[in-house]
Visitor: 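So that we are looking at the same thing, I have put the structure below in structure tokens.
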Amino acid sequence: MMTAVALVVMLGAWAQNSVESIRLRYAEAKEYARTHTGSDHYDGADFGAYYHLEVRQWLPGTGGHIDNTYLYYGELDSDGEEVIYKPHYLNFATKRFNYAAREYYQEFLYDKDGKVAFIYAYDPMTQLDGDEHFAQYEFRFYFNQGKLIKAIVKRKSGDEKEFLQVFAGATVKAAYQGDYDQLVKAAHAVRKLFTDIEKEAY
């Protein structure tokens, strides 16, 4: 039987993230979501394991608001014990929501201990410090044990066909600090949502 110390060591080793290891896990999570979301197969082959929450509201000033959150989870080892229902952990989450005609998209990848490992966010229309006009932005933040190790920001203006990288570094530039803080807060909120759903549904 695996000891508690050995389990802690395994989880600690698993949670040591690099940009390369995060990108590999992220690609695997994206592929799982692509091939399993909405599947109705009950033989276990393609049956997706996730929670889906859809919120529909009518907001003053912006009209219809739809927020779709998908929470993809995995199973933790049970210290060698045979159990029917293994404990879950949140592995990957996606959020797609709108305000008026603007559609936003976010992704969150987590370690097994619940710490965020990666955040991706698409902002369809914003104006940051130094921008003369509104532009589209992509944010990517990589974490090791909950601490930022790399930030990448890309920007696309109205007349540009592709996103151009405007920042990359191990810390967050002041112009992007507000977006970073909001996204980290959103990552924690999504994990809490998963925990609350688990209490009722599992």
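We use all heavy atoms of the structure for the numbers below, so side chains are in, but hydrogens, waters and symmetry mates are not.
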Visitor: Quick one: does Thr195's side chain get under 4.5 Å of Leu90's, heavy atoms only?
Guide: no

Visitor: Could you check if a side-chain atom of Glu198 sits within less than 4.5 angstrom of a side-chain atom of Phe194, using non-hydrogen atoms only?
Guide: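 Yes, close enough: below the 4.5 Å cut-off.
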
Visitor: Between Trp58 and Leu53, is there a shared hydrophobic cluster once you connect ILVMFWY residues whose side-chain heavy atoms come closer than 4.5 Å?
Guide: no

Visitor: Scan residues 172-191 for pairs that pass salt bridge (charged side-chain N to carboxylate O under 4.0 Å, His left out), counting only residues two or more places apart or in two chains.
Guide: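 As it turns out, there is no salt bridge (charged side-chain N to carboxylate O under 4.0 Å, His left out) pair with a partner in residues 172-191 once direct neighbours are skipped.
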
Visitor: Is a donor from one side chain sitting under 3.5 angstrom from an acceptor on the other, for Glu160 and Ser157?
Guide: yes

Visitor: Would Glu31 and Arg34 pass as an ion pair if we require N to O under 4.0 Å?
Guide: yes

Visitor: Verify whether the ring centers belonging to Tyr180 and Phe141 lie closer than 6.0 Å.
Guide: yes

Visitor: Taking side chain as C-beta onward, heavy atoms only, is Asp67 less than 4.5 Å from Lys95?
Guide: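 Side chain of Asp67 against side chain of Lys95, heavy atoms only: contact under 4.5 Å found.
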
Visitor: Which pairs of donor and acceptor atoms, one on a side chain in residues 161-170, lie under 3.5 Å apart (sequence neighbours left out)?
Guide:
none

Visitor: For Ile119 and Val184, run side chain to side chain contact (heavy atoms under 4.5 Å, CB included): C-alpha distance rounded to whole Å, both residues' side-chain angles, the deciding distance at 0.1 Å, then the answer.
Guide: CA-CA 8 Å; Ile119 297 174; Val184 170; 4.2 Å; yes

Visitor: Under 4.5 Å between side-chain heavy atoms, chaining through other members, with only Ile, Leu, Val, Met, Phe, Trp and Tyr counted: pull out the rest of the cluster around Leu24, sorted by chain and number.
Guide: none

Visitor: Between Lys154 and Gln136, does a side chain to side chain contact (heavy atoms under 4.5 Å, CB included) hold up when you go through it step by step?
Guide: CA-CA 8 Å; Lys154 295 184 178 183; Gln136 301 176 58; over 6 Å; no

Visitor: As a quick check of understanding, evaluate side-chain hydrogen bond (donor to acceptor under 3.5 Å, both in side chains) for Tyr72 and Thr94, giving each step before the final call.
Guide: CA-CA 9 Å; Tyr72 301 90; Thr94 67; 5.0 Å; no

Visitor: Measure the spacing between NE2 of His188 and CG of Leu193 and express it to the nearest 0.5 Å.
Guide: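 Between His188 NE2 and Leu193 CG, I get 14.5 Å after rounding to 0.5 Å.
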
Visitor: Partners of Tyr70 by ring pair (Phe, Tyr, Trp, His ring centres under 6.0 Å), sequence neighbours excluded?
Guide: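 Only Tyr50, His52 meet the ring pair (Phe, Tyr, Trp, His ring centres under 6.0 Å) criterion with Tyr70.
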
Visitor: Taking ring pair (Phe, Tyr, Trp, His ring centres under 6.0 Å) as the test, write out the residues that go with His65, two or more places apart.
Guide: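 For His65, the residues satisfying ring pair (Phe, Tyr, Trp, His ring centres under 6.0 Å) (neighbours in sequence not counted) are Tyr99.
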
Visitor: Heavy atoms only: give me the nearest Tyr110-Ala187 pair and the separation to one decimal.
Guide: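 Minimum heavy-atom separation between Tyr110 and Ala187: OH-O, 2.7 Å.
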
Visitor: Donor-acceptor pairs under 3.5 Å, side chain of residues 102-109 to any protein atom, not counting sequence neighbours: which ones?
Guide:
from, atom 1, to, atom 2, distance (Å)
Glu103, OE2, Arg96, NH1, 3.2
Tyr105, OH, Glu107, OE2, 2.6
Glu107, OE1, Tyr26, OH, 2.3
Glu107, OE2, Lys30, NZ, 2.7

Visitor: Closest approach of Ile22 and Ala117, non-hydrogen atoms and distance?
Guide: CD1-O, 3.4 Å

Visitor: Would you name the heavy atoms of Ala151 and Thr171 that are closest together and state the gap between them?
Guide: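 That closest heavy-atom pairing would be CB-O, 4.0 Å.
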
Visitor: Is there a side-chain contact between Gln145 and Gln16 in this structure, where contact means two heavy atoms from C-beta onward sitting under 4.5 Å apart?
Guide: yes

Visitor: Does Leu76 reach the side chain of Lys112, with side-chain heavy atoms less than 4.5 Å apart?
Guide: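 Yes; the side chains approach each other to less than 4.5 Å.
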
Visitor: Just how far is it from atom OH of Tyr137 to atom CZ of Arg155, taken to the nearest 0.5 Å?
Guide: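 Atom-to-atom, Tyr137:OH and Arg155:CZ are 4.5 Å apart.
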
Visitor: Find out whether Phe92 and Tyr32 are in side-chain contact, i.e. whether some heavy atom of one side chain is under 4.5 Å from a heavy atom of the other.
Guide: no

Visitor: Do the non-hydrogen side-chain atoms of Asn17 and Phe143 ever get within less than 4.5 Å of each other?
Guide: no

Visitor: Could you check whether Asp111 pairs with Arg25 (Lys NZ or Arg NE/NH1/NH2 to Asp/Glu carboxylate O, under 4.0 Å)?
Guide: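 Answer for the salt bridge query: yes.
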
Visitor: Can you see which heavy atom on Tyr142 is nearest to which on Val19, and at what distance?
Guide: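 That would be CE2-CG1, 3.9 Å.
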
Visitor: State, without any angle test, whether Tyr51 and Thr69 hold a side-chain donor-acceptor pair at a distance under 3.5 Å.
Guide: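 Result is no, nothing qualifies.
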
Visitor: Using 30° and 60° as the class limits, which term best fits the ring planes of Tyr73 and His88: parallel, tilted or perpendicular?
Guide: parallel

Visitor: Nearest heavy-atom pair of Ile197 and Leu71: which atoms, and what distance?
Guide: CD1-CD1, 3.9 Å

